[in-house]
Amino acid sequence: MGYDVPEGVDIRGRYDTEFSKILTRDALQFVTDLQREFRNHIKYAMECRREAKMRYNNGGLPGFDPATKYIREGEWVCAPVPAAVADRRVEITGPVERKMVINALNSGAKVFMADFEDALSPSWENLMRGHVNLRDAVNRTITFHDQARNKLYKLNDQTAKLFVRPRGWHLPEAHIFIDGEPATGCLVDFGLYFFHNYANFRKVQGQGFGPFFYLPKMEHSREARIWNNVFGRAERWAGIERGSIRATVLIETLPAVFQMNEILYELRDHSVGLNCGRWDYIFSYVKTFQGHPDRLLPDRVQVGMAQHLLRSYSDLLIHTCHKRGVHAMGGMAAQIPIRDDPAANEAALELVRKDKLREVKAGHDGTWAAHPGLIPACMEVFTNNMVNAPNQIHSMKRQDASELIEEDLLQSPRGVRTMEGLRLNTRVGIQYLAAWLTGAGSVPLYNLMEDAATAEISRVQNWQWLKYGVELDGDGLGVKVNLDLFGRVVEEEMARIEREVGKDKFNKGMYKEACKLFTRQCTAPVLDDFLTLDAYNNIVMYHPIESSRL
Ligand SMILES: CC(=O)SCCNC(=O)CCNC(=O)[C@H](O)C(C)(C)COP(=O)(O)OP(=O)(O)OC[C@H]1O[C@@H](n2cnc3c(N)ncnc32)[C@H](O)[C@@H]1OP(=O)(O)O
Ligand SMILES: O=CC(=O)O
Ligand SMILES: [Mg+2]
């Protein structure tokens, strides 16, 4: 049995009758047309990223582009926000896993962002099941039977509005070849979801609008232009009004903070705002400044939103979005509920409340929650602090933030580096990768949510400290990070992981493979652009099963 594919398409992933209802000939033709129309634009955009990287590596700094001053200073606004998504005060996020999709839609949040990105390990199985789950969710037929607990999950009458986050531009989909090349991951994610769901979504969820998307990891407005053209093409194909599709762009790379007006301008017919993707943003700070030894990060735990550069980024995002008439969404606090320790749980909740209070008072229109248990606290803070309106677009202009300059957005985070910081990065990075390699893209580690973005911080921070042989100044012992020290840390942290998870789980899991990958990346002479690009080779599974390297 095989998939019925159009000319030029080769499906290398496992055949499954459920998957074949997603991978129909017409759906594949739709994805193929997108791939053929946009692949050269994407390649060009990726080439521009490489050129920008070279400029930064040679000492250049990202900044506002003089050529687009007219856009930043122009008086224009985005298309009005659709009523269906005017109120987004709390959004839950999570991978497109069946039970979690139901739980998230039922969670009481206003929006559920179903994630093919930071929270998903993009194995063929996860990806295809994810599309089945989203189709069933939009059709409202989704159910899940937990056999161990004999519990049936189904949708409540009232559910969150669905947004979908496709992968970033950089990730290929190696199980689908088009004209001899792996398809672009995000065009597969967008194309299959749009094809199967746009009509129903607009009826049952979007009040005539939709579908809705979150767009990750862009570095420049030219990448937003590609998305805008993809949306336009999809709308024309479907015969629906221009501006039906709406998207929120995550500002989660350092270069993109200087492009917020330009990104909104490109997407002005399709925008519902910007979001502070703080974790990838911190990762991007290290990546952008990989050639700048004067901009080293302190311990990961010290790089919080109170740091001047992160506060400035959030303030400027709010000002920019509200000037252009769209939502300025906050981000994710990493704390999650701690089940077996009420005092620690309350302390974690208090940190989340504090973070949300900062966001709402700064003018954000909503925020992210990683877990259903956090939604009441987030909702309460936003509801109590927003003045009787579904959002703060018209009430919190943050004119003061228009004064922010490049130095504010680039200021190095303050703090110290410690041996515990190096150890924690290593322990977390390896455990996250071990989970990712076995299909889990978001995991709880040491009572925090870890996903691809947070793990990237651990990786690049270790790389940076090794590359520049930094002193662990917070310990006051004059110890410098070098390969010997790191080797010992890896060994000791692996032993600690084994003790913590138990011998059995350790031996059955992918910890050793993860350790090899993580160590290689931390010690690479040249920084890999993405942890998951290299790791992806390990989860590509062709059918019939054979070794598969991209
Ligand atoms: C940087 C960024 O990009 S942030 C966005 C991407 N990251 C994410 O989306 C992370 C989403 N969150 C999660 O994946 C999970 O909450 C984790 C991994 C952090 C914690 O997971 P766990 O420890 O397994 O959660 P826990 O055991 O407390 O779950 C309790 C219940 O809540 C549900 N749940 C937990 N998180 C979520 C979620 N985000 N969405 C829906 N349901 C959830 C579980 O399915 C479980 O349901 P059940 O009681 O019916 O079995
Ligand atoms: O995607 C969100 C982030 O913080 O990264
Ligand atoms: Mg992110």
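Please read all numbers here as calculations on a predicted model, not as lab measurements. All residue numbers in this chain count up from 1 along the given sequence.
Surrounding CD of Glu346 are more than 12 heavy atoms belonging to other residues, nucleotides or ligands, all under 6.0 Å away. Around atom CZ of Arg339, no more than 12 heavy atoms belonging to other residues, nucleotides or ligands sit under 6.0 Å away. A 6.0 Å sphere centred on NZ of Lys354 holds no more than 12 heavy atoms belonging to other residues, nucleotides or ligands. By the 6.0 Å contact criterion, CZ on Arg414 is open, its count of non-hydrogen atoms from other residues, nucleotides or ligands being 12 or less.
Between the side chain of Asn126 and the backbone N or O of Pro122 there is no donor-acceptor pair closer than 3.5 Å. Arg72 contributes a side-chain N or O that, together with a main-chain N or O of Asp65, makes up a donor-acceptor pair within less than 3.5 Å. Between the side chain of Gln302 and the main chain of Val416, a donor-acceptor pair closer than 3.5 Å is present. With hydrogens and angles ignored, the 3.5 Å screen pairs a side-chain donor or acceptor of His371 with a backbone N or O of Gly373.
Nearest heavy-atom pair, Pro172 versus Pro182, reported as atom, atom and distance to 0.1 Å: CB-CB, 4.0 Å. In terms of heavy-atom proximity, Leu309 sits nearest to Pro413 at CD2-CG, 3.8 Å. Scanning both residues, Lys467 and Pro525, for their nearest heavy atoms gives NZ-O, 4.2 Å. When all heavy atoms of Asn385 and Gln392 are compared, the pair lying nearest together is O-OE1, 4.1 Å. What you find for Gly277 and Glu252 is that their closest heavy atoms are O-CB, 3.2 Å. The shortest non-hydrogen separation linking Pro95 to Leu120 is CB-CD1, 4.0 Å.
Ion pairing between Arg89 and Glu359 fails under the 4.0 Å rule for side-chain N and carboxylate O. Salt bridge present: Asp400 and Arg398 bring a charged side-chain N and a carboxylate O closer than 4.0 Å. Salt bridge Glu492/Arg423: present, at least one basic N to carboxylate O contact under 4.0 Å. Taking a cutoff of 4.0 Å between a charged side-chain nitrogen and a carboxylate oxygen, Arg222 and Glu51 do not qualify as a salt bridge. Between Arg50 and Glu47 there is a salt bridge, since at least one side-chain N of the basic residue sits less than 4.0 Å from a carboxylate O of the acidic one. Salt-bridge formation is not detected for the pair Arg49/Asp529: no Lys NZ or Arg NE/NH1/NH2 atom is positioned less than 4.0 Å from an Asp or Glu carboxylate oxygen. Residues Lys287 and Glu456 are not paired through a salt bridge, judged by the lack of any N-O separation under 4.0 Å between the basic side chain and the carboxylate. Ionic pairing of Arg353 and Glu380 is not present here: no N-O contact between side-chain nitrogen and carboxylate oxygen is shorter than 4.0 angstrom. Remark: Glu471 does not engage Arg417 in a salt bridge, criterion side-chain N to carboxylate O under 4.0 Å. Using a 4.0 Å cut-off between charged nitrogen and carboxylate oxygen, Lys110 and Asp365 do not count as a salt-bridge pair. Under a 4.0 Å N-O distance rule, the pair Glu498/Lys512 does not qualify as a salt bridge.
Between the CE atom in Met419 and the CG atom in Asp475 there is a gap of 7.0 Å [rounded to 0.5 Å]. Atom CG in Leu317 sits 11.5 Å away from atom CG in Leu404 (nearest 0.5 Å). How far OH of Tyr313 is from CG of Leu254: 10.0 Å, rounded to the nearest 0.5 Å. For the atom pair CH2 (Trp279) and CG (Asp451), the distance works out to 9.5 Å, reported to the nearest 0.5 Å. Interatomic distance, OG1 of Thr93 versus CD of Glu117, reported as 11.0 Å (0.5 Å rounding). Here the NE2 atom belonging to His322 is positioned 10.0 Å from the CG atom belonging to Leu274, to the nearest 0.5 angstrom.
Here the options are Val286, Ile457, Ile282, the test is side chain to side chain contact (heavy atoms under 4.5 Å, CB included), and the partner is Val303; only Ile282 passes. When Ile497, Val490, Leu433 are each tested for a side chain to side chain contact (heavy atoms under 4.5 Å, CB included) with Cys515, only one passes: Val490.
Here Thr248 pairs with Arg88 under the side-chain hydrogen bond (donor to acceptor under 3.5 Å, both in side chains) rule; sequence neighbours left out.
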For this session: Begin from the C-alpha positions of Leu422 and Leu485 and carry the test side chain to side chain contact (heavy atoms under 4.5 Å, CB included) through to its verdict.
Result: CA-CA 10 Å; Leu422 180 68; Leu485 177 75; 4.0 Å; yes

For this session: Start with the C-alpha gap between Arg427 and Glu420, add the side-chain angles, then the distance that decides, and say whether salt bridge (Lys or Arg N to Asp or Glu O under 4.0 Å) holds.
Result: CA-CA 10 Å; Arg427 204 154 69 232; Glu420 183 43 29; 3.3 Å; yes

Problem set entry | Stepwise side-chain hydrogen bond (donor to acceptor under 3.5 Å, both in side chains) test for Gln521 and Asp534 | CA-CA 9 Å; Gln521 292 221 348; Asp534 185 21; 3.2 Å; yes

Exercise. Can Leu424 and Val301 be said to form a side chain to side chain contact (heavy atoms under 4.5 Å, CB included), step by step?
Worked result: CA-CA 10 Å; Leu424 190 63; Val301 293; 4.3 Å; yes

Exercise. Please walk me through it: do Arg324 and Met260 pass side chain to side chain contact (heavy atoms under 4.5 Å, CB included)?
Worked result: CA-CA 10 Å; Arg324 306 309 180 188; Met260 293 195 290; over 6 Å; no

For this session: May I have the step-by-step check of salt bridge (Lys or Arg N to Asp or Glu O under 4.0 Å) for Glu450 and Arg300, ending in yes or no?
Result: CA-CA 13 Å; Glu450 296 288 343; Arg300 190 185 127 171; 2.9 Å; yes

For this session: Please test Leu437 against Ile539 for side chain to side chain contact (heavy atoms under 4.5 Å, CB included), starting from the C-alpha separation and ending with a verdict.
Result: CA-CA 6 Å; Leu437 292 172; Ile539 61 167; 4.3 Å; yes

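The aromatic rings of Trp124 and His175 sit tilted, their planes meeting at an angle between 30° and 60°. By the 30° and 60° cut-offs, the orientation of the rings of Tyr511 relative to Phe506 is parallel.
You'll find the ring centres of Tyr285 and Phe289 inside the 6.0 Å limit.
Looking only at atom types and distance, the side chain of Ser221 has a donor-acceptor partner in the side chain of Gln259 under 3.5 Å away. When only modelled atom types and interatomic distance are considered, Thr68 and Glu262 share a side-chain donor-acceptor pair under 3.5 Å.
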